[in-house]
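Here the structure is laid out as structure tokens; the discussion comes afterwards.
Note that this is a predicted model, so its numbers are computed, not measured. We count residues from 1, following the sequence as given.
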Amino acid sequence: MITFVLASASPSRLRILQQAGVDPLIRHPQVDEDALQAALPAGTPHVRVVEELARAKAQDVLDREGGALAAEARAAGADTLIVVGCDSMLLVDGRLEGKPHTYERAMARWRRMRGRHGVLITGHALMVADLTGDGPLVVTRSGSDTSDTTVHFGAPSDADLDVYLRTGEPLECAGAFTIESLGGWFIDRIDGDPSSVIGLSLPLLRRLLEGAGIHAHQLWRPELRS
């Protein structure tokens, strides 16, 4: 039996997993993303930046809560603990854009990228621990990778953008946009993996699981596997 932990506070990522048959435990990472990016060597490839952020989030949850998670998982009968960290950033004009946090930043970004396209880079980091022994938690398998999807933005008016941004919906989203809700009005099309644009790439997660010797269906609810 596997206990699966999503190291993310994103409701969209949780929703993707639930719709895909997985009910994860949720733990919120406490990573200073700006400080981590600043500490990376100059010229670090964009995909590596996103991958490192995802890895840091998974590692943070394991470092702070690994013991408690292992105890909870063992009590539930699990013999394997999986923690997945996620990160997404939008590449526009050679620059990575994360969460805007404020209305003003989001408006400036939208005015720059409307009618154009950007590349959303999504990174996942997988850490697997064997719970069959009674010793301290040890990661036995791990992996990380990224996927990219091209997002073609519409050209919404300032009036539409003003109302959209004042809802607060995209302010904590990479690139200052959403596709699955109000923001869908302003995305013309995407080229690539739809789930990665929402925040969690199921194909990428499947590949990482396969690399660790785990089948995707092993994470599904028991009634789906019977």
Side-chain angles (χ1 to χ4, degrees), residues 4-22 24 26-29 31 33-34 36-37 40 44-61 82-101 106 109 113 116-127 142-153 169-181 183-184 186-212 214 216 219:
F4 184 84
V5 181
L6 176 62
S8 174
S10 166
S12 297
R13 290 182 178 130
L14 173 59
R15 187 162 54 249
I16 290 171
L17 286 171
Q18 289 174 331
Q19 291 172 345
V22 182
I26 300 297
R27 295 296 184 271
H28 296 181
V31 173
E33 298 183 31
D34 292 336
L36 191 151
Q37 290 182 70
L40 292 173
T44 298
H46 298 123
V47 293
R48 179 66 65 185
V49 173
V50 177
E51 192 174 343
E52 287 299 323
L53 285 167
R55 186 182 293 117
K57 292 173 183 179
Q59 189 65 59
D60 173 74
V61 166
I82 298 176
V83 178
V84 169
C86 309
D87 194 73
S88 296
M89 298 189 80
L90 183 71
L91 181 63
V92 180
D93 293 334
R95 185 171 69 182
L96 286 174
E97 302 281 11
K99 304 176 183 71
H101 300 303
R109 288 186 191 178
M113 67 190 188
R116 305 175 62 198
H117 70 270
V119 177
L120 188 76
I121 303 172
T122 296
H124 296 336
L126 179 84
M127 298 186 179
S142 64
S144 60
D145 205 348
T146 62
S147 68
D148 57 79
T149 300
T150 301
V151 181
H152 298 265
F153 298 101
E169 182 184 274
L171 300 187
E172 298 304 318
C173 298
F177 74 95
T178 52
I179 192 171
E180 72 275 22
S181 45
F186 312 127
I187 306 300
D188 283 351
R189 74 179 195 275
I190 65 169
D191 299 321
D193 172 19
S195 62
S196 72
V197 181
I198 302 174
L200 189 145
S201 169
L202 290 172
L204 175 56
L205 178 56
R206 186 198 71 242
R207 292 194 294 271
L208 290 173
L209 288 167
E210 289 170 348
I214 298 167
L219 304 184

Is the backbone N or O of [Y] less than 3.5 Å from a side-chain atom of [X], with the two atoms forming a donor-acceptor pair by type?
X: Ser195; Y: Leu202; value: yes
X: His124; Y: Val84; value: no
X: Thr149; Y: Asp193; value: yes
X: Thr178; Y: Ser181; value: no
X: Arg189; Y: His152; value: no

Could you pull out all residues at least two apart from His101 that satisfy ring-ring contact (aromatic ring centres under 6.0 Å, His included)?
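Checked His101 against ring-ring contact (aromatic ring centres under 6.0 Å, His included); zero matches.
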ring-ring contact (aromatic ring centres under 6.0 Å, His included) partners for Phe4, two or more places apart:
none
If you define the side chain from C-beta out and look only at heavy atoms, does anything of [X] sit under 4.5 Å from [Y]?
X: Leu219; Y: Ile82; value: yes
X: Ser88; Y: Ser196; value: no
X: Met89; Y: Gln37; value: yes
X: Met113; Y: Glu97; value: no
X: Val151; Y: Ile179; value: no
X: Glu52; Y: Val49; value: no
X: Val119; Y: His46; value: no

Suppose we screen for salt bridge (Lys or Arg N to Asp or Glu O under 4.0 Å). Which residues come up paired with [X], at least two apart in sequence or across chains?
X: Asp60; result: Arg64
X: Glu180; result: Arg15
X: Glu51; result: Arg48, Arg55
X: Asp93; result: Arg116

Anything under 30° is parallel, anything over 60° is perpendicular, the rest tilted; go ahead and classify Phe177 against Phe153.
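Correct class here is perpendicular.
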So if I apply the side-chain contact (heavy atoms from CB on, under 4.5 Å) rule between Leu200 and each of Leu17, Thr122, Leu14, which one comes out positive?
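So the option named by the test is Leu17.
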